[in-house]
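Data block below; observations after.
We're numbering straight along the sequence, starting at 1.
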Amino acid sequence: MFTGIVEEIGVLLRRKDRSSSCTLTIGCKKVLENTKIGDSIAVNGTCLTVTAMTDHSFDADVTPETMRRTSFSIVRTGSPLNLERALRVGDRLGGHMVSGHVDCVGKIISMEKEGNAVNITFSVPDRYMRYVLEKGSVAVDGVSLTVARRMEKSFSVALIPHTGDMTILLKKHSGDPVNIECDCIGKYIEQLMGNNREGGLTMAKLNALGITGGYYGK
């Protein structure tokens, strides 16, 4: 698990491509501290496993499924990357609970300056918009952000200067792809309810799921 608070901007030093997968070598410094082979590091919001290390870099394998779900297919040598080590028990949770399991690739529609913020609007595939909640949390390229406004097929966030300085988001442009991870709570609820919203949530449905607790309403 991660928090969506980027610790460092790394750089892609090398990529070894195979037919539908690849191995990335990522240059960095801070996220290597107390890291060992087998640990997880979020790279642009994608949870990857450290398979090799030097004093200045680490390697991670990207599977075919991860290639399909993320924007790694267009990442090239020299590309900057958002990096975050896995959350430790007892750490402050400054962002929100991020799994590092990217849902889809979105696209930047626009970037507009307003006061001290930059308002960025992202398009998202239709099937994932139902998980985007106004004033809720979303991870974009591994950055924990608050949804400022939700439209039918897109959403916008207000990026503060600190987040702009500490992440790669302001290095991007309109039309660029981004990794999107929606807050997982809505997805769990939807699956537990069997994707059936008819009739809403009732005590009968809770009883059927074995979720009775100690509440006996009248």
Counting only pairs under 3.5 Å, give me each side-chain donor-acceptor contact of residues 112-120, with atom names and distances, residues two or more places apart or in other chains.
from	atom 1	to	atom 2	distance (Å)
Lys113	NZ	Gly115	O	3.4
Glu114	OE1	Asn119	ND2	2.7

Side-chain donor/acceptor pairs under 3.5 Å, residues 171-178, sequence neighbours excluded:
from	atom 1	to	atom 2	distance (Å)
Lys172	NZ	Asp141	OD2	3.4
Lys172	NZ	Pro177	O	3.4
Ser174	OG	Ile109	O	3.4
Asp176	OD2	His173	N	2.8

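Between Cys182 and Val132 the shortest heavy-atom distance is SG-CG2, 4.5 Å. Across all non-hydrogen atoms, the minimal contact from Ser99 to Cys47 is O-CB, 4.0 Å. Cys28 approaches Phe58 most closely through the heavy-atom pair SG-CD2, 3.6 Å.
In this structure, the side chain of Asn82 engages the main chain of Ile168 through a donor-acceptor pair within 3.5 Å.
Partners of Thr70 according to the side chain to side chain contact (heavy atoms under 4.5 Å, CB included) rule, which considers only residues two or more places apart in sequence or in another chain, are Thr46, Thr66, Phe72, Val102, Asn179. Scored by the side chain to side chain contact (heavy atoms under 4.5 Å, CB included) test, Ser73 finds Met67 as partners (sequence neighbours excluded). Under the rule for a salt bridge (Lys or Arg N to Asp or Glu O under 4.0 Å), the partners of Asp17 that lie at least two apart in sequence or sit in another chain are Arg15. For Lys187, the side chain to side chain contact (heavy atoms under 4.5 Å, CB included) partners at least two apart in sequence or on another chain are Asp103, Tyr131, Cys184. Contacts of Lys29 classified as side chain to side chain contact (heavy atoms under 4.5 Å, CB included), with partners at least two apart in sequence or in another chain: Glu8.
For Asp165, the CG atom counts as densely surrounded, since its 6.0 Å shell holds more than 12 non-hydrogen atoms of other residues, nucleotides or ligands.
Pairs of residues two or more places apart, or lying in two chains, that qualify as side-chain hydrogen bond (donor to acceptor under 3.5 Å, both in side chains) and include a residue from residues 149-158 are Asp126-Lys153. Applying the salt bridge (Lys or Arg N to Asp or Glu O under 4.0 Å) test to residues at least two apart or on different chains, the pairs with a partner in residues 63-90 are Glu7-Arg85, Glu65-Arg68, Glu65-Arg69, Arg88-Asp91. Judged as a ring pair (Phe, Tyr, Trp, His ring centres under 6.0 Å), the pairs with a partner in residues 142-167 (not counting sequence neighbours) are, in order, Phe122-Phe155. Note on residues 47-60: no pairs pass salt bridge (Lys or Arg N to Asp or Glu O under 4.0 Å), not counting sequence neighbours. Counting only residues at least two apart or in different chains, salt bridge (Lys or Arg N to Asp or Glu O under 4.0 Å) contacts with residues 32-45 comprise Lys36-Asp39.
Among Thr167, Leu159, Ile160, the single residue meeting the side chain to side chain contact (heavy atoms under 4.5 Å, CB included) criterion with Leu145 is Leu159.
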